[in-house]
S.K.: 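I have a structure I would like to understand better, so I am pasting it below and will then ask my questions one at a time.
Below, chain A is the first sequence line, B the second, and so on; all start at residue 1. Please read all numbers here as calculations on a predicted model, not as lab measurements.
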Protein chains: 2
Amino acid sequence: MTISTRKERQKEELRAKILQTAKELFIEHGFEQTSIRNIAERIEYSPTTIYLYFKDKDDIFHALHLEGFILLNQYFRALEHVSDPFERLKAISKSYINFAVENGEFYDLMFINRSPINSINKEDAKWEEGKRAFGFLTGTITECIEKGYFKGMNSEVLAFTVWSMVHGVCSLEIRNRCDVISEENRQDLSDKACAMIIEIFERMHPKAIQ
Amino acid sequence: MTISTRKERQKEELRAKILQTAKELFIEHGFEQTSIRNIAERIEYSPTTIYLYFKDKDDIFHALHLEGFILLNQYFRALEHVSDPFERLKAISKSYINFAVENGEFYDLMFINRSPINSINKEDAKWEEGKRAFGFLTGTITECIEKGYFKGMNSEVLAFTVWSMVHGVCSLEIRNRCDVISEENRQDLSDKACAMIIEIFERMHPKAIQ
DNA sequence: ATATTTTACTTAACGGTGTAAAGTTAATTA
DNA sequence: TAATTAACTTTACACCGTTAAGTAAAATAT
């Protein structure tokens, strides 16, 4: 019994080590430079050993993808105590962009890169953490609507649109499409866009304008 | 004279053929499946011949990237006659999303894929068409502000934010991140989000609300 | 008219990728 | 003690982008 549990533990440890190494390479050098062979070399196993622990490369990045969503939900959990839904909505927007700025490679993997999505379609993988994050936004917007904000709007479509707004900012930054912006505004562009998005929220309910 | 001009013409023709073939493969099978070797096979030349016409793979996709921007500007040119800037802004948003839906692979190349950007940084390539497209948006927003819309906002930052909004919608769709949305709303999600964005514009200036 | 150079292209090769099949060695079970 | 299983490696396949060296024909120079 103790031997077989030790073996199981060791298997689990190697799996974790592969994932940890993939994560390191990935954060240091990005997705493209993280190859099965690179990972294998760093953990001092042959490349094919990795296939005993993960179905394929997409499977590895799907696991990291999940880690990313768990991390994002940690960012969000800190906002659960914000009782006013409109304030929470603004806080979510800021926090989302912060997450992207602070975890660029993760963000790319979660919302831009195609690799982890291949894996989801393959093996109907649990997408729970992703739904939780989006649910937090949708729920907040539903509460906003109940309080009289965004009158008559569909909460899910609005949630998607709000997500699109912040995702747009993050992905244009991460994928380097901001060269058209003047040098002056390119400095801290994400922050400026974030402030602009919040300003848009505020202007949408007329009574809030002083 | 006639011989050398013919030769020049033939060189130009082969360059165009490479580009045309790359475009076909790229639209049919996407970026990943479009390799130098695939292109070469289809035009019945050796792979290395392509390097006599293009610096590298990024260079080919940078050329297609430019084609994409020319096409986008054609979409936009049709809106130049819309005299009211606020109407034009709404039309630009619709048109931008239409462009993305109708030219998915091009859109991906222009605003998501990293390949063409590598090439821009390498050889400070002319980015004129990209600037023209963004300039059209910025100009329209500047006119809006002059007419009393979006009072007190910075036109360039607002232009970037509007771009982020529509880009967010398009890129989440193209990169398949919309599974979290309920089946009901996932149908024509881009259209719904586009309508929502326009609704947001309208709610931003209080007097327009009936 | 012959020799040289240039042009346009190809062959071969390097170093990299993901991944599958077959082989090996040691531990476990029969 | 023999058969089986587990864990891992070696080898190999089919790709990829790209470079260096080679070739044959055309253009130019002598």
Side-chain angles (χ1 to χ4, degrees), chain A residues 1-19 21-22 25-26 29-64 109 113-119 121-123, chain B residues 1-19 21-22 25-26 29-64 109 113-119 121-123:
Chain A
M1 211 55 153
T2 55
I3 289 177
S4 78
T5 54
R6 188 209 68 209
K7 289 217 161 186
E8 260 184 51
R9 198 180 60 238
Q10 284 181 336
K11 275 216 83 167
E12 190 43 54
E13 276 170 9
L14 185 47
R15 202 193 117 98
K17 199 173 182 183
I18 292 169
L19 221 49
T21 306
L25 284 169
F26 164 73
H29 307 113
F31 178 83
E32 308 284 333
Q33 306 304 320
T34 307
S35 67
I36 300 284
R37 283 173 161 88
N38 279 341
I39 298 167
E41 195 184 26
R42 214 179 250 211
I43 61 173
E44 295 172 296
Y45 281 81
S46 80
T48 49
T49 299
I50 291 172
Y51 287 88
L52 303 171
Y53 294 83
F54 293 91
K55 199 184 151 294
D56 54 23
K57 197 187 171 182
D58 290 340
D59 193 25
I60 295 174
F61 283 98
H62 174 73
L64 290 183
L109 190 63
N113 197 302
R114 285 197 159 112
S115 173
I117 295 299
N118 295 337
S119 198
N121 295 352
K122 273 178 200 164
E123 35 127 348
Chain B
M1 212 54 154
T2 55
I3 289 177
S4 78
T5 55
R6 189 211 68 209
K7 289 219 161 186
E8 260 184 53
R9 198 179 61 237
Q10 285 181 336
K11 275 217 83 168
E12 189 42 55
E13 277 170 8
L14 185 48
R15 201 194 118 97
K17 200 173 181 183
I18 292 169
L19 221 49
T21 306
L25 284 169
F26 165 71
H29 307 113
F31 178 82
E32 307 284 331
Q33 306 304 320
T34 307
S35 66
I36 300 283
R37 283 174 160 90
N38 279 341
I39 298 166
E41 194 184 26
R42 214 179 248 210
I43 61 173
E44 296 173 297
Y45 280 81
S46 79
T48 48
T49 301
I50 291 172
Y51 287 88
L52 303 172
Y53 294 83
F54 293 91
K55 198 183 151 296
D56 54 22
K57 197 187 171 183
D58 290 339
D59 194 25
I60 295 174
F61 284 97
H62 175 74
L64 290 183
L109 191 63
N113 197 302
R114 286 198 157 111
S115 172
I117 296 298
N118 294 336
S119 199
N121 294 351
K122 273 178 199 162
E123 34 127 350

S.K.: Taking only residues two or more places apart in sequence or in another chain, which ones pass side chain to side chain contact (heavy atoms under 4.5 Å, CB included) with B/Y53?
M.R.: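 With neighbours one apart ignored, the set is B/K11, B/L14, B/R15, B/I18, B/T49.
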
S.K.: Work out how much the helix from C/dA1-D/dT30 to C/dA30-D/dT1 bends between its end axes, five pairs an end, to the nearest 10 degrees.
M.R.: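 For the helix from C/dA1-D/dT30 to C/dA30-D/dT1, the axes at either end differ by 30°.
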
S.K.: Expressed in angstrom and rounded to an integer, what is the separation of A/I60 atom CD1 from C/dT17 atom C1'?
M.R.: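 My rounded result for the distance is 13 Å.
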
S.K.: So if I take residues 36-48 of chain B and measure heavy-atom distances to DNA chain C, which residues fall below 4.0 Å?
M.R.: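 Close to the strand are B/R37, B/Y45, B/S46, B/T48.
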
S.K.: As an exercise, state the distance from OH of A/Y45 to NZ of A/K17, rounded to the nearest 0.5 Å.
M.R.: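 It is 6.5 Å, given to the nearest 0.5 Å.
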
S.K.: By side chain to side chain contact (heavy atoms under 4.5 Å, CB included), which residues pair with B/R42, not counting sequence neighbours?
M.R.: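 By the side chain to side chain contact (heavy atoms under 4.5 Å, CB included) rule, B/R42 matches B/T21, B/E24, B/L25, B/E28, B/H29.
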
S.K.: Write down the distance between CD (B/Q33) and P (D/dG17), rounded to a whole number of angstrom.
M.R.: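 Distance, rounded to whole Å: 11 Å.
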
S.K.: Rounded to the nearest 0.5 Å, what's the gap from NZ on A/K57 to CD1 on A/I50? Could you check?
M.R.: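 Those atoms lie 10.5 Å apart.
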
S.K.: Tell me the interatomic distance from A/L25, atom CG, to C/dT17, atom P, rounded to whole angstroms.
M.R.: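 Rounded to the whole Å, the gap is 11 Å.
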
S.K.: Output the rounded distance in Å from OH (B/Y51) to P (D/dT19).
M.R.: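 It is 7 Å, rounded to the nearest whole Å.
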
S.K.: What residues, two or more places apart in sequence or in another chain, satisfy side chain to side chain contact (heavy atoms under 4.5 Å, CB included) together with A/E13?
M.R.: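 Listed in chain order: A/R9, A/Q10.
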
S.K.: Mind checking the CD1-CG spacing from B/I39 to B/L19? Nearest 0.5 Å is all I need.
M.R.: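 One finds 8.5 Å between CD1 of B/I39 and CG of B/L19.
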
S.K.: Taking CD from A/Q10 and C1' from D/dA6, how many angstroms apart are they, rounded to a whole number?
M.R.: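 Answer to the nearest Å: 13 Å.
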
S.K.: Between CZ of B/F26 and CD1 of B/I60, what distance do you get to the nearest 0.5 Å?
M.R.: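 Interatomic distance, B/F26 CZ to B/I60 CD1, rounded to 0.5 Å: 12.0 Å.
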
S.K.: Would you kindly compare B/L14 and A/E32 by the position of their nearest DNA chain C nucleotide and give the one closer to the 5′ end?
M.R.: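 Its nearest nucleotide lies further toward 5', so the answer is B/L14.
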
S.K.: Looking at residues at least two apart in the chain, or sitting in another chain, which of them share a side chain to side chain contact (heavy atoms under 4.5 Å, CB included) with A/S35?
M.R.: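 With neighbours one apart ignored, the set is A/R37, A/N38.
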
S.K.: Would you mind reading off the distance between A/N118 atom CG and C/dT19 atom P, rounded to a whole angstrom?
M.R.: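 Answer to the nearest Å: 10 Å.
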
S.K.: To the nearest angstrom, how far is B/K55 atom NZ from D/dT19 atom C1'?
M.R.: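 Answer to the nearest Å: 13 Å.
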
S.K.: Choose from D/dT18, C/dC9, C/dT17 the nucleotide whose nearest atom is closest to any side-chain atom of A/S35.
M.R.: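 So the nucleotide nearest the side chain must be C/dT17.
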
S.K.: D/dA7 phosphate, OP1 or OP2: any side-chain N/O from A/K11 under 4.0 angstrom?
M.R.: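 Yes, because at least one side-chain N or O of A/K11 sits under 4.0 Å from OP1 or OP2 of D/dA7.
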
S.K.: Base, sugar-phosphate, or nothing for B/F54, non-hydrogen atoms under 4.0 angstrom?
M.R.: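 No contact.
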
S.K.: Using whole Å, what does the distance between atom P of nucleotide C/dG18 and atom CD1 of A/I18 come to?
M.R.: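 These atoms are roughly 14 Å apart.
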
